[in-house]
Engineer: 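Just passing along the structure, written as structure tokens.
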Amino acid sequence: MLKTVLTADIGTTSLKTAVISSEGQQISFAQCPFENPDSRYISLDWIKALEKCISSMGEAVNHVQAVSISGNGPTVVTEDGTTVLWNADSESIRDEIKNTTHSLFLPKISLLRKLYPDEFEKSTTIFSGPEFLIWQLTGNKVTILPESRYTNAYWCDELLNLNGMKPEKFPPFVKIGDCYGNVDLTRSKKNSLLTVLQGLPVYGAGPDFIAAMIGTGCTETGAVYDCAGSSEGFNLCIPLPYKDERIRLLPNVTPELWNAAVMIPESGRLLFNYKSKLEKDTCREWTYPEVIDFCFDNPNSEGHKILETLLQNSENAVSILKDVAEKCGIQFPDHMFVAGGQAKNKRWMNEKERRLGLKLEISRIPDAELLGDWKAANKG
């Protein structure tokens, strides 16, 4: 039976939520920016942001039948909220890590231990990002594994022991579509705004790029999607584990298929920082469509240079994926699915479509991560 779901995706600079009906229609949407996204305790703001979103979503929240959560990764968090985000620079400790499986999480876990040794040792559990919020809601400790082949990207007992870490600190793996528990607010007198969720089952899609993969339906060979937030990833579903230093190769959620990604680490962050600069200079808030218009209309501005850089990076990413598709013996499509806040900006999408020479497909819920969360809940 399909459910009406409250979906939530934890971004780097904000939390997005939507109530999505049993027919897959977005009934209500809210987004809450984080006041200090670079705080070492940013994860403690996630539940506060969820409260704020719920308070602004109106009557629709009263009718949800489940909650589903995704978020940025590989982010790691201790029980007291000490956080190392996915984009933290762990290059300086690379030589200290015995990373035999090329885990994406191990560098961030190792950095967490080095920067905050007392907090790391005192914490009985080390969480992946969205699972920390799931724990706050349910009291249950889990790690969402997108697909069985993702173990190498996360961790295993052998890898943890090799690096002097206790495997029991890390919650067990669960599947997308499993129920991770029910909202239990009796453990705390706080979070009164969340009482509407009391007792609801909680699901999740895990990392945001997996949620976007599911939400855009890019789970078949040849499908391409562009997932943009503070960073941006261009993703191609391929039939074999083709290795190339220009791409990040990970499994697709579809067994036996793979995901080739070209990452642009600071794409959205550049625009976020420029937006903040404009707001400081003009003493007013700017919407992203206003920022994009200003950048396009002022070709000598720093913002115009940023947009041009982003477009050139996008062209390069698509060129790489076309080459990968050819090497894998598959045809590159004439269209690409787009997920994230960028999909809501028509002028940006038109220019990007023109420069890439691809038809950009946008789902009826542009924040496809939230649609992926909805699908994960309904799979359960």
Side-chain angles (χ1 to χ4, degrees), residues 5 7-18 20 24 26 29 31 68-75 86-87 104 128-131 133 144-147 150 153 176-177 203-238 247-254 257-265 267-269 310 314 317-318 321 333 335-345 348-349 352 356 358 360-379:
V5 181
T7 61
D9 181 70
I10 306 164
T12 309
T13 57
S14 69
L15 180 113
K16 295 180 290 189
T17 62
I20 302 179
Q26 182 172 290
F29 175 86
Q31 184 168 5
S68 192
I69 297 169
S70 59
N72 60 74
T75 291
W86 65 274
N87 57 356
L104 298 177
S128 174
E131 291 89 334
L133 182 54
I144 303 170
L145 195 68
E147 204 263 353
Y150 267 84
I176 294 174
Y203 302 88
D208 50 5
F209 102 92
I210 291 290
M213 179 191 296
I214 297 169
T216 55
C218 289
T219 54
E220 296 181 351
T221 297
V224 182
Y225 76 100
D226 171 16
C227 181
S230 293
S231 65
E232 186 168 9
F234 289 79
N235 301 269
L236 169 68
C237 184
I238 57 178
I247 65 172
R248 186 179 73 179
L249 180 70
L250 286 170
N252 193 282
V253 292
T254 301
L257 297 184
W258 297 83
N259 188 81
V262 178
M263 305 302 299
I264 305 174
S267 62
R269 191 69 178 216
L310 298 183
S314 297
V318 169
L321 291 185
H335 62 280
M336 177 173 67
F337 296 95
V338 179
Q342 63 166 338
K344 303 175 186 177
N345 193 301
W348 178 241
M349 287 295 93
K352 202 167 188 178
L356 296 179
L358 296 171
L360 300 185
E361 302 282 359
I362 302 169
S363 67
R364 59 188 177 192
I365 299 177
D367 296 291
E369 302 94 331
L370 299 176
L371 190 56
D373 290 331
W374 176 81
K375 289 182 177 180
N378 278 293
K379 182 179 185 297

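Nothing here was measured: the structure is a model prediction, and the numbers come from that model. Heavy atoms only: backbone and side chains are in, while hydrogens, waters and symmetry mates are out.
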Engineer: Does the side chain of Gln26 come under 3.5 Å of the side chain of Asp367 through a donor N or O and an acceptor N or O?
Structural biologist: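 No, no side-chain donor-acceptor pair sits under 3.5 Å.
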Engineer: I'd like to know if the side chain of Tyr225 and the backbone of Phe209 have a donor-acceptor N/O pair within less than 3.5 Å.
Structural biologist: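 It does hold such a pair.
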Engineer: How far does OG of Ser314 sit from CG of Asp226, to the nearest 0.5 angstrom?
Structural biologist: 6.5 Å
Engineer: Roughly how far, to the nearest 0.5 Å, is the OG1 atom of Thr219 from the CG atom of Leu257?
Structural biologist: 8.0 Å
Engineer: With Lys352 as the cation and Phe234 as the aromatic partner, state whether NZ or CZ is under 6.0 Å from the six-membered ring centre and within 45° of the axis.
Structural biologist: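 Checked: cation-pi criterion not met.
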Engineer: Can any side-chain N or O of Tyr150 pair as donor or acceptor with the backbone N or O of Pro251 at less than 3.5 Å?
Structural biologist: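 Looks like yes, one N/O pair under 3.5 Å.
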Engineer: Does Asn72 reach the main-chain N or O of Gly11 with its side chain, forming a donor-acceptor pair under 3.5 Å?
Structural biologist: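 Yes: the side chain of Asn72 pairs with the backbone of Gly11.
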Engineer: Please give me the minimum heavy-atom distance between Gln342 and Ala228, naming the atom from each residue.
Structural biologist: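 Between these two residues, the closest heavy atoms are NE2-CB, 3.2 Å.
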Engineer: Please report the interatomic distance CE(Met213) to SG(Cys237), rounded to the nearest 0.5 Å.
Structural biologist: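 So the gap between those two atoms works out to 7.5 Å.
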Engineer: Using a distance-only test with no angle check, is there a side-chain donor-acceptor pair under 3.5 angstrom linking Ser70 and Asp208?
Structural biologist: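 No pair is found: no donor N or O on one side chain lies under 3.5 Å from an acceptor on the other.
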Engineer: Run the side chain to side chain contact (heavy atoms under 4.5 Å, CB included) check on Leu249 and Ile238 step by step: do they pass?
Structural biologist: CA-CA 10 Å; Leu249 180 70; Ile238 57 178; 4.0 Å; yes
Engineer: Any sub-3.5 Å donor-acceptor pair from Thr75's side-chain atoms to Gly129's backbone N or O?
Structural biologist: no
Engineer: Hey, which of Leu358, Thr216, Leu360 is the one that makes side-chain contact (heavy atoms from CB on, under 4.5 Å) with Val338?
Structural biologist: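 Looking at Leu358, Thr216, Leu360, the match for Val338 under the side-chain contact (heavy atoms from CB on, under 4.5 Å) is Leu360.
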Engineer: Taking the side chain from Glu147 and the backbone from Thr254, do they hold a donor-acceptor pair closer than 3.5 Å?
Structural biologist: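 Answer holds: no.
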Engineer: Look up atom CG in Leu371 and atom CD1 in Ile214, then write down how far apart they are to the nearest 0.5 Å.
Structural biologist: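 With rounding to 0.5 Å, CG (Leu371) is 10.0 Å from CD1 (Ile214).
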Engineer: Applying side chain to side chain contact (heavy atoms under 4.5 Å, CB included), run through Trp86 and Thr12 and close with a yes or a no.
Structural biologist: CA-CA 9 Å; Trp86 65 274; Thr12 309; 2.9 Å; yes
Engineer: So, taking the atom named CD in Gln31 and the one named OG1 in Thr13, what distance separates them when rounded to the nearest 0.5 Å?
Structural biologist: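 These two atoms lie 7.5 Å from each other.
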Engineer: Looking at OG1 of Thr7 and CG of Leu370, how far apart are the two atoms once the value is rounded to the nearest 0.5 Å?
Structural biologist: 4.0 Å
Engineer: With a 6.0 Å cut-off (strictly less than), is the heavy-atom count around NZ of Lys379, excluding the residue itself, greater than 12?
Structural biologist: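 No - once you tally the heavy atoms of other residues, nucleotides and ligands closer than 6.0 Å, there are 12 at most.
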